[in-house]
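Letters go in sequence order (proteins before strands), and every chain restarts at 1.
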Amino acid sequence: MKVFVGLSGGVDSSVTAALLKEQGHEVVGVYMKNWATDLPGFECPWREDYMDAKRVAVHLGIDFKMYDFQKEYKQKVVDYMIDEYKAGRTPNPDIMCNQEVKFKLFLSTALEDGADMIATGHYARIDDGKLFKAKNKDKDQTYFLYRVTKDALRKSLMPIGDFNTKQEVRDLAEKFGLPTAKKKDSQGICFVGKVGIREFLEQYVSPKPGRILDQNDKEIGQHDGAIFYTIGQRSGLGVGGGLPYYVVGKDMDKNEVYVSTDLDDKRLWLNDFEISGLHWIGDEPDLSKEYTVCHRYRAQHTKAKLSKSKHGLKITLKDPARAITAGQSMVIYDGDQVLGGGIIT
RNA sequence: UGGGGAGUCGCCAAGUGGUAAGGCACCAGUUUUUGGUACUGGCAUUCGGGGGUUCGAAUCCCUCCUCCCCAG
């Protein structure tokens, strides 16, 4: 079978390619050039990643190519992200990247290019168009993948999902002699790299001073734009005094940020909220059943009840979760299977 | 300019003769393919200024400066 592997320049995708090659597939390595713009003071690492991806391909003796998705990525992911922030929400660009770029654009481009399947280095398992948690529960990345379609999953492979530990993956990388074996795991929004989200947003939004109010409605300081703050955030307020302050809310119209020193502040712990923009990989969930849900990558999954609501679903958690934030995703699981999910309103 | 109180890191704050706790903030690092959380480390040779007493002072004395409260 002809498989196009998305090589990011990291270990996981490198091992993915090596494994598929070993299994006898005709493997083509593809580097997706999604973002290559430098930001003031920071150089975009794409060239380095590209070189690493290419080195891996050369090492494995597979074909290598680059797809330039910059234009689409900017539209579908970056603009989405900026618009969401402007609307006062906190988006998850990586989920959008999977939905729109990796498992739509990359998939269709690869298929047109002669591929039978695509593969990525995600920690997740696919079986018959269904998505399951990775064996390595600690690294499970299904949270980022819940908006992928069943049809896309039928054409995708994620062999890394079958490993129990990251160490096994690294050991394999070592065994295959991959040049990326020792490369540090990436983190942060993929295209922003080492640059913080704030620095990134500052390129697109000008500062707008506003008030910071504590739980007693007392002004305790100034911020330079409510857009830069998100629920649950601690530092960055530049306010000292007694206990640490956590952001518990904000008002984009008034440009005010609300904080509290109370770790049990009700606004920080919700167990009742709605999601919209629903997406299901297969069948819709049965509202009479109890499922587990996850509101953040690597967060503990909690039991929840689902019910219909005006714009989507109402979620009632068994235990309240911290920092439920509009714009973030709620993923619904039936055991290890990902049913889908929606975006917190 | 009568009475009382207070001035210790950007903020809060211990320490009242024995050689500057702690928290917040900030910075760095760790964890993490979103925001964020959490964790580790760094962060006052110096205690409003100036004198003095003492082996030794942020701590005692003198003086000046500043702030707050009550009186005017």
Checklist outcome for this item: Among the nucleotides B:U34, B:G36, B:U31, whichever has the atom closest to the side chain of A:Lys184 is B:U31
Checklist entry - Which whole number of Å gives the distance between the C1' atom of B:A20 and that of B:G36? => result 36 Å
Next on the checklist: Work out how far the C1' atom of B:U19 is from that of B:G2, and round it to whole angstrom.
Outcome noted: 40 Å
Item to check | Check: A:Phe103 ring centre within less than 6.0 Å of A:His122 ring centre | outcome: yes
Checklist entry - Given atom CD1 of A:Ile343 and atom C1' of B:G35, what is their separation to the nearest angstrom? => result 14 Å
Item to check | side-chain contact (heavy atoms from CB on, under 4.5 Å) evaluation trace for A:Phe64 with A:Val56 | outcome: CA-CA 9 Å; A:Phe64 180 73; A:Val56 169; over 6 Å; no
Interface polar pairs with nucleotides 39-43 of chain B, N/O, under 3.5 angstrom:
none

Item to check | Residue whose nearest RNA chain B nucleotide is more 5′ - A:Gln328 or A:Gly232 | outcome: A:Gln328
Next on the checklist: Same cluster or not: A:Ile343 versus A:Met252, using hydrophobic residues (I, L, V, M, F, W, Y) connected whenever any side-chain heavy atoms lie under 4.5 Å apart?
Outcome noted: yes
Next on the checklist: Please pick, from B:U31, B:C24, B:U37, the nucleotide with the shortest atom-to-atom distance to any side-chain atom of A:Arg298.
Outcome noted: B:U31
Checklist entry - Rounded to the nearest 0.5 Å, what separation is found between the CG atom of A:Asp334 and the CD atom of A:Glu290? => result 11.0 Å
Next on the checklist: For A:Arg198, is there an ion pair with A:Glu202 - N to carboxylate O distance below 4.0 angstrom?
Outcome noted: yes
Next on the checklist: Using a distance-only criterion (donor-acceptor N/O pair, under 3.5 Å, no hydrogens), is the base of B:G35 paired with the side chain of A:Thr325?
Outcome noted: yes
Next on the checklist: At a heavy-atom distance below 4.0 Å, what parts of residues 131-142 of chain A sit against RNA chain B?
Outcome noted: A:Lys139, A:Gln141
Checklist outcome for this item: Glycosidic torsion of B:U33 (syn if within 90° of 0, anti otherwise) classifies it as syn
Next on the checklist: I'd like to know whether the aromatic ring centres of A:Trp46 and A:Tyr73 sit less than 6.0 Å apart in this structure.
Outcome noted: no
Next on the checklist: Among A:Asn136, A:Asp140, A:Asp138, A:Asp12, exactly one meets side-chain hydrogen bond (donor to acceptor under 3.5 Å, both in side chains) together with A:Tyr123. Which residue is that?
Outcome noted: A:Asp12
Checklist entry - Has A:Tyr297 got a side-chain N or O lying under 4.0 Å from the OP1 or OP2 atom of B:U33? => result yes
Item to check | Rounded distance in Å between the C1' positions of B:C61 and B:U16 | outcome: 14 Å
Checklist entry - Expressed in angstrom and rounded to an integer, what is the separation of A:Leu243 atom CG from B:C11 atom C1'? => result 13 Å
Checklist entry - Does the side-chain contact (heavy atoms from CB on, under 4.5 Å) test come out yes or no for A:Lys21 and A:Phe176, once each step is laid out? => result CA-CA 11 Å; A:Lys21 166 104 189 305; A:Phe176 286 120; over 6 Å; no
Checklist entry - How far does the C1' atom of B:A58 sit from the matching atom of B:G48, given to the nearest Å? => result 12 Å
Checklist entry - Mind checking the C1' distance from B:U66 to B:A38? Whole angstroms is fine. => result 42 Å
Checklist entry - Looking across every strand, which nucleic acid part, if any, lies under 4.0 Å from A:Tyr85 by heavy atom: base, sugar-phosphate, or nothing? => result sugar-phosphate
Next on the checklist: Please report the distance, rounded to the nearest Å, between CD1 in A:Ile220 and P in B:A25.
Outcome noted: 10 Å
Checklist outcome for this item: In RNA chain B, consecutive runs of at least three Watson-Crick or G-U pairs below 3.5 Å, as range with range, amount to B:2-7 with B:65-70, B:10-12 with B:22-24, B:26-30 with B:38-42, B:48-52 with B:60-64
Item to check | Nearest-nucleotide comparison on RNA chain B, the residue closer to the 5′ end among A:Pro91 and A:Pro244 | outcome: A:Pro244
Checklist entry - Does NZ belonging to A:Lys208 count more than 12 external heavy atoms closer than 6.0 Å? => result no
Next on the checklist: Can you check the distance between B:U30 and B:G23, where both ends of the measurement are the C1' atom (answer in whole Å)?
Outcome noted: 22 Å
Next on the checklist: How many whole angstroms separate atom CG of A:Leu270 from atom C1' of B:U37?
Outcome noted: 16 Å
Item to check | A:Asp283 atom CG: more than 12 heavy-atom contacts under 6.0 Å | outcome: no
Checklist entry - Of all the choices, B:G35, B:U33, B:U34, which nucleotide is nearest to the side chain of A:Thr230 once you look at every atom? => result B:G35
Checklist entry - Taking everything shown except A:Lys33 itself, do over 12 heavy atoms lie less than 6.0 Å from its NZ? => result yes
Checklist entry - When the P atoms of B:G4 and B:A28 are considered, how many whole Å apart are they? => result 50 Å
Next on the checklist: From CE of A:Met252 over to C1' of B:G35, roughly how many Å is that when rounded to an integer?
Outcome noted: 14 Å
Checklist entry - Relative to each other, are the rings of A:His279 and A:Tyr146 parallel, tilted or perpendicular (30° and 60° limits)? => result perpendicular
Checklist entry - In whole Å, what separates the C1' atom of B:G29 from that of B:C60? => result 46 Å
Checklist entry - Taking CG from A:Leu145 and C1' from B:U33, how many angstroms apart are they, rounded to a whole number? => result 10 Å
Next on the checklist: Distance check needed: B:G35 P versus A:Met330 CE, whole Å only.
Outcome noted: 19 Å
Next on the checklist: Just verifying a value: how many Å separate A:Phe106 CZ and A:Asp113 CG, rounded to the nearest 0.5 Å?
Outcome noted: 9.5 Å
Checklist entry - Are OP1 or OP2 of B:A38 and a side-chain N or O of A:Tyr246 less than 4.0 angstrom apart? => result yes
Checklist entry - Which is it for A:Tyr143 and A:Tyr297 under the ring pair (Phe, Tyr, Trp, His ring centres under 6.0 Å) test, yes or no, and what are the steps along the way? => result CA-CA 6 Å; A:Tyr143 180 79; A:Tyr297 175 55; 7.2 Å; no
Next on the checklist: Between P on B:G36 and CD1 on A:Ile227, what's the gap in Å once rounded to a whole number?
Outcome noted: 13 Å
Checklist entry - Which nucleotide, B:U34, B:U33, B:U37, lies nearest any side-chain atom of A:Arg322? => result B:U37
